[in-house]
Each structure stands twice: as structure tokens, then as C-alpha cells.
Colleague: 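Mind having a look at this structure? Questions to follow.
Each ligand, and each atom within it, is numbered from 1 in the order the structure gives. As a basis for the values below, the full set of heavy atoms in this structure was taken, side chains included, without hydrogen atoms, waters or symmetry mates.
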Amino acid sequence: MSNGLIPNTSKEDFWKKVLTELSFVTDKINLKTISAALKIEEISKDSIKLSCTNAFHKSSLEKNLNIIEKCVNKVSEKKLEIEVIIRSPLPDDKNTILDMGPLFDPSKNKKISTEEKQKEAGLYPKYTFDNFIIGDNNRIPYSIAQKVAAQPGVAYTPVFLHSGVGLGKTHLIQAIGNKIIQTKPGVKVLYTTGEAFTNELIEAIQSSKGKGGKYTSNNFRKKYRNVDVLLIDDIQFIIGKGATQEEFFHTFNTLFMAEKQIVITSDRPPKDFNNLAGRLTSRFSSGMIIDIQPPSFETRSAILRSRRDKNKDNIDNKVIDFIAENITSNIRELEGAYIQVVNASIAENQQITVEYAARQLKKVISQKDTKPVNMNQILKAICNYYSVKMSDIKGERRTKDIVIPRQIAMYLIKDLTNTPFMTIGEFLGGRDHSTIMYGAEKIEKDLVYTPKIKQDITNVKQIIYQN
Ligand code: ADP
Ligand code: MG
């Protein structure tokens with residue numbers, strides 16, 4: 001039933017929107033009182049009539065009239081007169097709290113601690129702004145992330161943050177969520193990854209088709225479209241997955257239109273997505289696009305020093321600088337190397353000197369290089385990264401989006417497995433050994449002159465070794 005104000009909106013839906021607006025400007029207890037005590041009676045072109053069941057409620061609600069009025073006007077997009085009347089109680093009055101999800105459901109929300117909320121939102125408390133070290137490489141992303149956390153949905157939305165692996169995307173996007181949960185209890189935050197989003201959608205589609213499971217497409221939509229802040233990490237995972245992209249597009253649009261906050265991270269900028277639907281690329285590009293560069297030596301050293309001070313590790317600056325000088329690829333590896341050195345010294349009961357660290361680092365590097373991988377694993381990782389089919393890599397097509405991944409396959413198989421060119425040629429669809437040699441050499445040169453290829457190869461290697 002329409003209310004004559006917003007076409008096709010019932011007065012209950014209108015009121016629900018008002019309550020959502022209220023959730024941003026008032027605390028949960030107040031919101032609970034308002035939503036439990038007030039019922040919408042009537043809505044017309046220039047006024048709205050609310051009712052409650054006793055004078056005590058009426059007087060306590062009148063204290064809130066100002067903010068209710070603001071929210072009513074925001075939803076109706078015009079100024080409406082508000083009247084509150086007292087009516088006799090109805091049998092279903094105790095059920096008048098509208099279903100606004102677990103955060104607003106008092107029965108499920110007796111005393112949710114900040115930690116529980118973080119967990120429910122998919123966040124890890126260890127990622128905070130406080131323990132994020134700022135350097136020239138991440139100063140701008142850091143400051144934008146802080147502004148987003150201070151004013152979600154207002155300052156910048158959507159935000160698209162990209163970088164190579166291990167440079168702090170997950171840390172920053174999670175810090176945004178954690179900060180909002182700590183400082184704005186009424187705001188609903190949800191963190192997910194491109195991979196989790198895809199898997200959940202598949203599960204939801206299957207249960208909707210009656211193939212078992214309780215989690216339906218409706219649940220899925222409700223979950224993702226009902227939040228105030230959606231944090232999606234590693235969006236590259238949905239590339240090339242048609243149904244997931246489509247669903248994500250609608251989720252994105254619903255939140256975008258409602259002026260909610262969206263933050264996305266990815267291992268590459270939107271313009272580098274080959275198989276992403278054009279309308280998604282343009283949506284991503286409509287917001288703020290920022291990147292994190294690899295950290296300088298000073299930042300790497302500062303990150304390790306901060307870690308040392310926090311854990312009270314027995315390792316001096318000279319050794320820390322040595323590690324920071326030698327591990328330049330990314331922060332995850334830097335931290336990994338540091339931990340290995342410290343743990344080994346504890347296990348072997350040895351003082352950490354620069355020489356000791358050097359011996360340990362050698363082990364780290366050689367362990368990494370000797371982890372055996374086969375041709376199939378490499379090809380799978382490449383196809384995954386570039387969202388291309390194996391049959392296309394092995395086939396005849398010569399378009400750029402296939403040729404580059406194909407040549408990278410030639411290079412990486414040679415480099416990581418040392419398989420003879422002829423065998424690689426057979427594996428890659430019966431190609432000549434000279435074709436493989438040419439392809440591998442071409443990529444070897446590109447590695448020096450083309451930063452994007454270098455970055456892509458680092459990312460692909462990361463996928464190969466993490467599986
Ligand atoms: P990404 O998501 O870009 O792959 P992560 O956010 O997982 O990278 O970062 C890898 C590791 O490095 C994490 O343990 C993270 O806490 C740490 N890290 C990254 N950047 C910083 C920073 N600026 N200060 C402190 N720790 C950092
Ligand atoms: Mg990450």
C-alpha cells in the first residue's frame with residue numbers, strides 16, 4: 001500500500017527506513033525504546049502520526065522528537081509535521097520491534113561485547129590503526145581509511161584500495177571496521193572477501209534450488225544489502241565469475257544508492273581487470289582509487305622495531321636493519337623472516353647477531369625456493385589470477401589477454417620446475433620448443449622493464465606457494 005508520499009512504500013516500510021536513519025544518530029538503547037514504543041498510524045503529504053500506549057512513553061519520546069523529526073524528513077525528503085497520540089495497547093504490541101537484523105534485535109543483543117561484534121562482522125581485533133606503521137608508501141591510504149572510519153558513507157565512498165601482496169590492504173580495511181565498531185555502536189559493519197562472497201552465494205543458490213541447506217538467496221541478499229559499511233577484501237576473486245559479479249553489482253548498487261560505505265581491496269587497479277563487466281569497472285572508478293606502494297627501507301625497519309618493542313624480543317637495531325635491508329618484497333615476508341630468526345634463536349638458545357640472522361635468512365630463502373611445485377599447479381594459479389581457461393592457454397587463440405598468461409606460464413614453469421622446453425611445449429598444447437623458449441625469454445626481459453608484469457608474477461607466485 002502506498003502512502004501518497006513515496007510511491008509503492010507502505011507506512012511500515014517508511015517507518016523502518018526512519019528507524020534505520022535513527023540508528024546512525026542515536027545509541028542502541030534509545031533506538032530500542034523508540035522502536036518498541038512508537039507505532040506508525042498514518043502518513044500523509046505533510047504530516048505523520050505516531051502512537052504510543054501511555055503518557056510516560058509519550059513524554060520520554062518527546063525528548064527525542066528532534067532527532068526523529070530529522071530522520072523522518074531525511075527519508076521523506078521534505079518537512080513533515082509529527083503528531084504523537086496515545087492509543088490503547090494492541091495484542092501484538094510486544095512484537096513491534098521491526099526485524100532489523102541481529103544488531104538491533106534485543107533478544108539476540110543483550111550484551112554484545114565489542115569483541116563479539118568484531119567477530120560477527122568478520123573482523124580480527126589485531127588489525128588496528130594504532131599498530132599500522134605509516135611511511136611514504138601508505139600515508140595517503142592510511143589517512144583516507146581514517147576519514148572513512150570517522151565518517152562512514154560521508155567522506156569517501158566507494159574506496160578502492162589496491163597493491164601487491166603483503167603490503168597492508170587487509171590490515172587497513174580491517175582497521176576501518178574495527179574502529180567503526182569501537183566508536184559507533186549503531187553502525188552495522190560487515191567484512192568479507194571476494195572468495196567468501198562467492199562461496200556463500202553458491203551455497204545460497206543451491207539451497208534456494210532445494211538442494212539442502214538453510215541459507216537461501218534471500219538470506220544472502222538481506223545479509224549483504226542491510227549493512228551500513230561493507231568491506232570487501234580481494235575482490236579480484238570474483239573476476240570472470242559471471243553470477244557472482246552480477247550479484248555483487250546489485251549489492252554494490254543497493255548500498256551505493258543508500259549512501260552506505262563501501263571499501264574494496266584488490267591486487268590490481270580496476271583498469272587492469274580483463275574480464276570484469278564494464279559497469280562494475282566504472283562503478284569502482286567512480287570513487288576513490290588509492291594504492292599502497294612497497295615500503296622503503298626506513299618503513300620496513302620501523303615495522304620490525306615496533307614489533308620488537310611490543311613483543312619485547314631480544315634483538316637489536318643492527319640486526320633489525322639487516323633483516324629490513326635483505327627482505328624487500330613485502331611486509332608479510334618481512335615479518336615471516338623476522339619471526340623465523342627470533343624463534344630459531346629461542347629454540348637454539350643463541351644470541352641474535354647479524355651473522356646468526358644471515359644464516360637464518362639463507363634458510364628462509366632456500367626453503368621458499370625449494371618447495372616443489374608441478375606444471376599443473378603453476379598453470380592453475382595463472383588461470384586463476386588472469387581468469388582465463390586452461391583450454392585457452394593450451395589452445396590457439398592469440399589475443400593479448402591469452403598470450404601474456406600463456407607466456408608467463410612458459411616462463412614460470414621453466415623457472416620454478418626447470419622442466420625441458422620440449423616437455424613444457426607438449427604440456428601447453430603441443431607447442432614447439434622454440435616457441436616456449438621465446439616466450440620464457442620475453443617474460444624474463446619484461447620482468448626488468450615492465451613493472452606490471454613484475455607485479456603480476458609476484459602475485460602469481462604467491463598464489464602458487466600458498467596452496
Ligand atoms: P595484503 O592484504 O596487502 O596482502 P596484509 O594486510 O595482510 O597485506 O599485510 C601483511 C602483514 O603485514 C600483516 O601481518 C600486516 O599486519 C602487516 N603490515 C602491513 N602493513 C603494515 C604497516 N604499515 N604497519 C604494520 N604492519 C603492517
Ligand atoms: Mg590481504
Side-chain angles (χ1 to χ4, degrees), residues 118 121-146 148-149 159-179 191-198 230-239 263-270 272 289-311 313 320 323-324 327-343 364 368 381 384-385 454-467:
Q118 285 168 321
L123 297 166
Y124 301 98
K126 69 171 181 176
Y127 294 120
T128 64
F129 285 125
D130 290 341
N131 62 17
F132 189 85
I133 305 290
I134 306 161
D136 283 342
N137 61 318
N138 59 29
R139 198 176 305 278
I140 294 170
Y142 176 83
S143 115
I144 287 173
Q146 275 207 315
V148 166
V159 170
F160 192 102
L161 171 64
H162 67 93
S163 81
V165 291
L167 293 180
K169 296 183 295 296
T170 297
H171 192 134
L172 262 191
I173 197 175
Q174 287 250 340
I176 294 175
N178 283 324
K179 183 80 181 184
Y191 166 92
T192 191
T193 62
E195 186 170 7
F197 186 88
T198 307
L230 181 62
L231 309 168
I232 294 221
D233 206 358
D234 290 324
I235 194 78
Q236 71 273 4
F237 197 85
I238 73 164
I239 310 308
V263 183
I264 297 164
T265 77
S266 165
D267 65 355
R268 62 202 99 165
D272 284 359
I289 301 179
I290 36 175
D291 67 330
I292 306 180
Q293 290 296 321
S296 63
F297 163 73
E298 287 76 13
T299 309
R300 296 199 299 275
S301 175
I303 287 170
L304 294 186
R305 284 173 198 218
S306 142
R307 192 183 180 101
R308 185 251 334 258
D309 296 345
K310 188 168 150 261
N311 296 353
D313 293 328
I320 283 191
I323 300 173
I327 310 286
T328 57
S329 47
N330 68 55
I331 300 168
R332 190 173 299 138
E333 291 191 353
L334 180 72
E335 287 184 334
Y338 172 92
I339 292 168
Q340 166 111 358
V341 172
V342 172
N343 287 353
V364 175
K368 214 181 128 221
N384 196 335
Y385 182 74
K454 188 170 170 211
Q455 185 62 63
D456 281 0
I457 286 179
T458 312
N459 290 348
V460 171
K461 275 189 179 168
Q462 185 81 21
I463 299 175
I464 296 171
Y465 285 110
Q466 86 195 0
N467 292 326

Colleague: Any chance you could lay out the side-chain contact (heavy atoms from CB on, under 4.5 Å) test for F197 and I235, step after step, and finish with the verdict?
Modeller: CA-CA 9 Å; F197 186 88; I235 194 78; over 6 Å; no
Colleague: Indicate yes or no: at least one non-hydrogen side-chain atom of I134 is less than 4.5 angstrom from one of N138.
Modeller: yes
Colleague: With the side chain counted from C-beta on, respond yes when Y127 and Q118 share a heavy-atom pair under 4.5 Å apart, and no when they do not.
Modeller: no
Colleague: Please confirm whether Y142 and F129 have ring centers closer than 6.0 angstrom.
Modeller: yes
Colleague: F160 vs H162 aromatic rings, parallel, tilted or perpendicular, using cut-offs 30° and 60°?
Modeller: tilted
Colleague: No waters, cut-off 2.8 Å: how many protein N, O or S atoms are close to the Mg ion (ligand 2)?
Modeller: 1
Colleague: Could you tell me whether a side-chain N or O of K179 sits under 3.5 Å from a main-chain N or O of Q146, the two making a donor and an acceptor?
Modeller: no
Colleague: Under the side chain to side chain donor-acceptor pair (under 3.5 Å) rule, what do T170 and D233 come out as? Steps first, then yes or no, please.
Modeller: CA-CA 7 Å; T170 297; D233 206 358; 2.6 Å; yes
Colleague: As a test of reading the model: which residues have a non-hydrogen atom less than 4.0 Å away from ligand 1?
Modeller: Y127, N131, F132, I133, N138, S163, G164, V165, G166, L167, G168, K169, T170, H171, I303, I331, R332, E335
Colleague: Find out whether K169 and I173 are in side-chain contact, i.e. whether some heavy atom of one side chain is under 4.5 Å from a heavy atom of the other.
Modeller: no
Colleague: With a 4.5 Å heavy-atom cut-off, do T328 and R300 have their side chains touching?
Modeller: yes
